[in-house]
Visitor: 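What follows is a structure written as structure tokens; I'll ask about it next.
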Amino acid sequence: MSGIKNLILYKEFENGKLFYDFAWIIENYQNEYYNKEDVEALFFECLKRLMELAESHGLEGNLWHSFIAFLLVNNENAYSRACEIRGEVEGSINEIAKHDFAILREYFDFDLMQLGRHFAVDCMEAVTDYKGTSGSGAVFNRRIRDRIRELCCHLEQAKNVDEFGMAVTEFYREFGVGKLGLHKAFRIEHRESGAEIVPITNIAHVKLDDLVGYELAKQKLIDNTEAFVNGKEANNCLLYGDAGTGKSTSIKAIANQYYDRGLRLIEVYKHQFCDLNDVIAQIKNRNYKFIIYMDDLSFEEFEIEYKYLKAVIEGGLEKKPDNVLIYATSNRRHLIREKFSDKEEVREDMHTSDTVQEKLSLYARFGVTIYYGAPNKKEFQNIVEVLAQKYQVHMDTEELLLEANRWELSHGGLSGRTAQQFINYLLGKQ
């Protein structure tokens, strides 16, 4: 073994202590200098931690192989970040990466059954051919679990270090690296050290086709996002209009539709706007495209958080990175509440027009505005019929629409959300 200490790029692994403990055991389990009982105790502790990781992340098969594949896809370093989305890169860094891959392959190829025989473990086959329990893998969704398993198979089939490294590099090109590569949506949590970008593991898997109607609005959103993903000029977007019309659904659908092309969604709440600069600093040099998503955005006149947002969008000394856009939804077109007194000629503030312009300037910073209006009666009934067909609600059309009309009168009026809630109600009765 070349020794784990000789790694250059691949350090500071997620779950690194488990890896380093395993590596130490592999290097020293036959060393008579160490007490066998102490080494054995550490080995059983490592097996326990490996089981916990397997269940939480959905690892299967040879858990040692799956664990190293997991480490490789989560390790953000100069090489992995350079390869994300772009694939192979030129330069001396390739030789350094190959040096690390050679070391990691030695550990990957180590047969964990040797440790099992040495310490007389009677269940080692369960570790080298592990089958998870139903419902395992709450941290990763099925798509991510499957991709890590595929990488593990490619690494097992690699005939040499070059093929081993190529399998890892191809993974970075196709899926990215670390939490930003493996997940499509994130939220912000404020820590003492600053803002932390945290993956959302259970995002609704909606598509734009799931939103009935609003074809012009959806196309406008697609055109802007398509330009952004392709590296062309694109604008911040404001989706405004009546409640329950699909504004938030549209943005979630965009995240799902363009994930494979490197688009990521970061949800930020109003009280977190002071962390925006920190968030942007963390993502500006990555090879992904980021949409900072602000749902139900509006401000009362006493709230000043909008000033942070204005400075980030446009107006600060530092230019907003080309890989970041802001998409917001609101029930208001003009995001800051205005009063008639704002336009009165006589008031304490002598410069009335300046006050009005201050409040309108945030709206003006969104280059694309898309209106989502409440459906009329006929459009609402069409939405109900389409949803009933989609969810296989078997009911006479005339009776279905009659019940839908009764439902909307007492449940929020005409909107796509009301239609979906009505269908959910019918499904609950079946």
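The structure presented is a predicted model; accordingly, all values stated were derived computationally and were not measured. Note: hydrogens, waters and symmetry copies are ignored here, and every other heavy atom, side chains too, is used.
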Visitor: Less than 4.5 Å apart, side chain to side chain, heavy atoms only: is that true for V39 and N31?
Guide: no

Visitor: Take F119 and F44, measure what ring pair (Phe, Tyr, Trp, His ring centres under 6.0 Å) needs, and give me the verdict at the end.
Guide: CA-CA 9 Å; F119 295 114; F44 278 101; 7.2 Å; no

Visitor: Apply side-chain hydrogen bond (donor to acceptor under 3.5 Å, both in side chains) to T329 and Y293, showing your working.
Guide: CA-CA 8 Å; T329 70; Y293 166 47; 4.9 Å; no

Visitor: Does a side-chain heavy-atom distance below 4.5 Å link F13 with L18?
Guide: no

Visitor: Please confirm whether the backbone N or O of L221 pairs with a side-chain atom of T225, one donor and one acceptor, at under 3.5 Å?
Guide: yes

Visitor: Could you tell me if D162 and N160 have a donor-acceptor pair between their side chains, going purely by distance under 3.5 Å?
Guide: no

Visitor: For N331 and K247, what are the C-alpha separation, side-chain angles and deciding distance, and is it a side-chain contact (heavy atoms from CB on, under 4.5 Å)?
Guide: CA-CA 9 Å; N331 294 336; K247 301 182 294 294; 3.4 Å; yes

Visitor: What do you reckon, are the aromatic ring centroids of W64 and F22 less than 6.0 Å apart?
Guide: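 Close enough - the centres of the two rings lie under 6.0 Å apart.
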
Visitor: Between the side chains of Y29 and E40, does any donor sit under 3.5 Å from an acceptor?
Guide: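 Not at all, the side chains of Y29 and E40 share no donor-acceptor pair under 3.5 Å.
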
Visitor: For D322, is there an ion pair with K284 - N to carboxylate O distance below 4.0 angstrom?
Guide: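 D322 and K284: not salt-bridged.
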
Visitor: State, without any angle test, whether N256 and K184 hold a side-chain donor-acceptor pair at a distance under 3.5 Å.
Guide: yes

Visitor: If only atom types and distance count, is the side chain of E163 paired as donor or acceptor with the main-chain N or O of K159 below 3.5 Å?
Guide: yes

Visitor: Should the pair R86-E84 be classified as a salt bridge under the 4.0 Å nitrogen-to-oxygen rule?
Guide: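 No, R86 and E84 are not salt-bridged.
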
Visitor: Can you tell me if Y130 and N62 form a side-chain donor-acceptor pair at under 3.5 Å?
Guide: no

Visitor: Answer yes when K98 and E95 have at least one side-chain N-carboxylate O distance shorter than 4.0 Å, and no when they do not.
Guide: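 E95 and K98: not salt-bridged.
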
Visitor: Counting neighbours of CD on E189 that are heavy atoms of other residues, nucleotides or ligands and sit closer than 6.0 Å, is the number greater than 12?
Guide: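 Counting other residues, nucleotides and ligands, CD of E189 exceeds 12 neighbours.
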
Visitor: Testing the 3.5 Å rule here: is there a donor-acceptor pair between the side chains of E156 and H65?
Guide: yes

Visitor: Let's go through V177 and V73 carefully: what are the C-alpha distance in whole Å and the side-chain angles of both, what is the deciding distance for side-chain contact (heavy atoms from CB on, under 4.5 Å) to 0.1 Å, and is it a yes or a no?
Guide: CA-CA 5 Å; V177 61; V73 303; 5.9 Å; no

Visitor: Closer than 4.0 angstrom, basic N to acidic O: yes or no for K131 and D129?
Guide: yes

Visitor: Give the table of side-chain donor-acceptor pairs shorter than 3.5 Å for residues 165-174, with sequence neighbours excluded, one pair per line with atom names and distance.
Guide:
unit_1 : atom_1 : unit_2 : atom_2 : d
T169   : OG1    : Y79    : OH     : 2.6
T169   : OG1    : G165   : O      : 2.9
E170   : OE1    : R173   : NE     : 3.2
E170   : OE2    : R173   : NE     : 3.1
E170   : OE2    : R173   : NH2    : 2.5
Y172   : OH     : Y10    : OH     : 3.0
Y172   : OH     : L72    : O      : 2.7

Visitor: Ion pair present between R187 and E196, side-chain N to carboxylate O less than 4.0 angstrom?
Guide: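 No, R187 and E196 are not salt-bridged.
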
Visitor: Under 3.5 Å, is there a donor-acceptor pair linking the side chains of N94 and E90?
Guide: no

Visitor: Taking the six-membered ring for Trp, are W407 and F380 ring centroids under 6.0 Å apart?
Guide: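 Not close enough - the centres of the two rings lie 6.0 Å or further apart.
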
Visitor: Is the gap between the ring centers of H411 and F422 under 6.0 Å?
Guide: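 Between H411 and F422, the centre distance exceeds or equals 6.0 Å.
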
Visitor: How about Y425: does its OH atom have over 12 heavy atoms from other parts shown lying under 6.0 Å from it?
Guide: no

Visitor: Is the closest side-chain donor-acceptor distance between N230 and R261 under 3.5 Å?
Guide: yes

Visitor: Are E215 and K218 close enough, and set up right, to give a side-chain contact (heavy atoms from CB on, under 4.5 Å), and what steps lead you there?
Guide: CA-CA 5 Å; E215 298 305 322; K218 289 189 292 187; 3.3 Å; yes

Visitor: Ignoring hydrogens, what is the shortest heavy-atom contact between L297 and A328? Give both atom names and the distance.
Guide: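 Shortest heavy-atom separation between L297 and A328 comes out as CD2-CB, 3.8 Å.
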
Visitor: Between K390 and D210, is there a side-chain N and carboxylate O pair less than 4.0 Å apart?
Guide: yes

Visitor: Establish, from distance only, whether the side-chain atoms of S250 and Y372 form a donor-acceptor pair under 3.5 Å.
Guide: yes

Visitor: Should the heavy atoms of other residues, nucleotides or ligands under 6.0 Å from CD of Q219 be counted, would the total exceed 12?
Guide: yes

Visitor: Please confirm whether the backbone N or O of A195 pairs with a side-chain atom of D278, one donor and one acceptor, at under 3.5 Å?
Guide: yes

Visitor: If you take all heavy atoms of I370 and V368, which pair is closest and at what distance?
Guide: CG1-CG1, 3.8 Å

Visitor: Do E106 and F110 come close enough that some side-chain heavy atom pair is under 4.5 Å?
Guide: no

Visitor: Tell me whether K207 at atom NZ has more than 12 heavy atoms from other residues, nucleotides or ligands lying less than 6.0 Å away.
Guide: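 Atom NZ in K207 is not crowded, with 12 or fewer foreign heavy atoms closer than 6.0 Å.
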
Visitor: So do T245 and Y214 actually touch side chain to side chain, heavy atoms under 4.5 Å?
Guide: yes

Visitor: Find out whether V212 and Q420 are in side-chain contact, i.e. whether some heavy atom of one side chain is under 4.5 Å from a heavy atom of the other.
Guide: no

Visitor: Would the number of heavy atoms belonging to other residues, nucleotides or ligands and lying under 6.0 Å from OH of Y269 be above 12?
Guide: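 Counting neighbours around OH of Y269, 12 or fewer heavy atoms of other residues, nucleotides or ligands fall under 6.0 Å, so no.
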
